[in-house]
Engineer: 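Structure provided below as structure tokens; questions to follow.
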Amino acid sequence: MINLTEIKKMLRKMEYPKHCIHCEGIDEKIENPVHHPSYEITAACNLNCIFCYSKVAEIKGSAPKPGYYGTLEPKAITISQYGEPFVVGTEKVVEIIRKLREQFGEVRIDIQTNGTLLDPSKLGSEADIVMISLDAGSREKYREITGTDLFEKAVKSIEQMASQTYTIVRTVFMPSVNNGELESIAEVASIADELFLQPLSIYRENKKLLELIDVERSESIGEFLEAAYRLSETAEVRIPGCLLLNIRSFLKKYDIGDLMLVKRNAFGSVPVMQREWKFRLQ
Ligand code: SF4
């Protein structure tokens, strides 16, 4: 039985994910917010995830070239929104972090990674936030979703990074694909600082996902929030800051029962970089 009062309480108390602080997405005064700056290393990746937007961008020719995108007065920089940064090796990523700090001074550096190539002993606490994707709670499901047998390595990276820096486990909510795995993922994430639960974006180019996914449930805000609520018993659950902001403004006019019935459009168009390319580090 879903307890709507409890879900409402969770939404009122939930903090923004640390990664979303300084992003325009949580500033209600900005009409068309864009993600905070990123440094793109490569669009290449060692996994082949069934839901990946970076892969779609590569197919469509919209994947960004390497370099820095966004304002030259950043408060936070993400490495990187496309591809897997550690394809170039942990030493190289550390070198890039240090150069970005040299150039911009006080800046938060967030890394988005699948965690299977990074060497925690070399990365140490160089990054302020490490966000590691984990979309399965078992080796079999991980293989089905990513096309690789690297579940244990991803989990080990989470465990090691959690003792070194602020660590976020990032999980895409995919009804009929990984909903049965969420509790196990939350167990792994319980040692991390946050479990960042993300709604799914579906791209028609990701054919395997289209065969497996329950579109209607993926579009249901109610299903998504129920999952977030359930997992919050095990891990420090966060949802995307921009979504939380919109939900809170919806709840100023409507009640929680209405919110649970809202459907979002899960289908995305070609992913494009929304910020301008500025430079590439040598
Ligand atoms: S989830 Fe939304 S608010 Fe958070 S960093 Fe991404 S775009 Fe910004």
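A quick note: this is a predicted structure, and the numbers were derived from the prediction, not measured. Just the heavy atoms: all of them, side chains too, but no hydrogens, waters or symmetry mates, feed the values below.
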Engineer: Between K8 and E6, does at least one N-O distance fall below 4.0 Å, as a salt bridge requires?
Structural biologist: no
Engineer: Just wondering, do R170 and L134 contact through their side chains at under 4.5 Å, heavy atoms?
Structural biologist: no
Engineer: Ion pair present between E183 and R230, side-chain N to carboxylate O less than 4.0 angstrom?
Structural biologist: yes
Engineer: Can you check side chain to side chain contact (heavy atoms under 4.5 Å, CB included) on S232 and M10, steps first, answer last?
Structural biologist: CA-CA 9 Å; S232 66; M10 169 188 81; 4.2 Å; yes
Engineer: Between M131 and T113, is there a side-chain heavy-atom distance shorter than 4.5 Å?
Structural biologist: no
Engineer: Is the positively charged end of R280 above the ring of Y68, judged by distance under 6.0 angstrom from the centroid and angle within 45° of the axis?
Structural biologist: no
Engineer: For E152, does the CD atom have more than 12 heavy-atom neighbours from other residues, nucleotides or ligands under 6.0 Å away?
Structural biologist: yes
Engineer: Quick one: list whatever passes ring pair (Phe, Tyr, Trp, His ring centres under 6.0 Å) with F151, sequence neighbours left out.
Structural biologist: Y142
Engineer: Would you indicate whether the side-chain heavy atoms of T116 and T148 approach each other to under 4.5 Å?
Structural biologist: no
Engineer: Between S38 and Y69, does the side chain to side chain contact (heavy atoms under 4.5 Å, CB included) criterion hold? Intermediate values first, please.
Structural biologist: CA-CA 5 Å; S38 69; Y69 291 79; 4.2 Å; yes
Engineer: Does a sphere of radius 6.0 Å around CD in E28 hold more than 12 heavy atoms from other residues, nucleotides or ligands, not counting ones at 6.0 Å or beyond?
Structural biologist: no
Engineer: Between S190 (side chain only) and E187 (backbone N and O only), is there a donor and an acceptor less than 3.5 Å apart?
Structural biologist: yes
Engineer: Are the side chains of L123 and V130 in touch, meaning some heavy atoms are under 4.5 Å apart?
Structural biologist: yes
Engineer: Taking all non-hydrogen atoms of both residues into account, name the closest pair between K13 and R248 and its distance.
Structural biologist: C-NH2, 4.3 Å
Engineer: With the side chain counted from C-beta on, respond yes when R139 and D149 share a heavy-atom pair under 4.5 Å apart, and no when they do not.
Structural biologist: yes
Engineer: Can you see whether K141 engages N178 through a side-chain donor-acceptor pair at a distance of less than 3.5 angstrom?
Structural biologist: no
Engineer: Taking the side chain as every heavy atom from C-beta outward, state whether D135 and M174 have any atom pair closer than 4.5 Å.
Structural biologist: yes
Engineer: Please check if the number of heavy atoms outside K263 that lie under 6.0 Å from its NZ is greater than 12.
Structural biologist: yes
Engineer: Please list, chain by chain and in numerical order, all residues satisfying side-chain contact (heavy atoms from CB on, under 4.5 Å) with N32, sequence neighbours excluded.
Structural biologist: none
Engineer: Give the intermediate values and the outcome of ring pair (Phe, Tyr, Trp, His ring centres under 6.0 Å) for residues F173 and F51.
Structural biologist: CA-CA 11 Å; F173 177 60; F51 59 87; over 10 Å; no
Engineer: Honestly, is K18 close enough over Y166, meaning NZ or CZ under 6.0 Å from the six-membered ring centre and within 45° of the axis?
Structural biologist: yes
Engineer: Please indicate whether K60 has more than 12 foreign heavy atoms, meaning atoms of other residues, nucleotides or ligands, lying under 6.0 Å from its NZ.
Structural biologist: no
Engineer: Between R108 and D128, does any NZ, NE, NH1 or NH2 come within less than 4.0 Å of an OD or OE carboxylate oxygen?
Structural biologist: no
Engineer: Between the side chains of T171 and Q198, is a donor N or O closer than 3.5 angstrom to an acceptor N or O?
Structural biologist: no
Engineer: Applying side-chain contact (heavy atoms from CB on, under 4.5 Å), name anything that partners P199, two or more places apart in sequence or on another chain.
Structural biologist: F224, P240, L243, R264
Engineer: Taking atom NZ of K99 as the centre, does the number of heavy atoms from other residues, nucleotides or ligands within less than 6.0 Å exceed 12?
Structural biologist: yes
Engineer: Is the shortest distance from a Lys or Arg side-chain nitrogen in E211 or K208 to a carboxylate oxygen in the other one below 4.0 Å?
Structural biologist: no
Engineer: Decide side chain to side chain contact (heavy atoms under 4.5 Å, CB included) for L225 and I239; before the verdict, give the C-alpha distance in whole Å, the side-chain angles of both, and the deciding distance to 0.1 Å.
Structural biologist: CA-CA 9 Å; L225 293 178; I239 62 174; 4.2 Å; yes
Engineer: Going through the checks in order, is the side chain to side chain donor-acceptor pair (under 3.5 Å) test met by S157 and K153?
Structural biologist: CA-CA 6 Å; S157 289; K153 171 61 184 134; 3.2 Å; yes
Engineer: Determine whether E40 and M273 make a side-chain contact, defined as any pair of heavy atoms from C-beta on separated by less than 4.5 Å.
Structural biologist: yes
Engineer: Just wondering, do N206 and Y53 contact through their side chains at under 4.5 Å, heavy atoms?
Structural biologist: no
Engineer: Count the heavy atoms belonging to other residues, nucleotides or ligands that lie under 6.0 Å from CD of E216, then report whether that count exceeds 12.
Structural biologist: no
Engineer: Does a donor on one side chain sit under 3.5 Å from an acceptor on the other, for N46 and N114?
Structural biologist: yes
Engineer: F279 and I109: same hydrophobic cluster, using ILVMFWY side-chain contacts below 4.5 Å?
Structural biologist: yes
Engineer: Over all heavy atoms of both residues, which pair between Y16 and G241 is shortest? Give the atoms and the distance, please.
Structural biologist: CE2-O, 3.4 Å
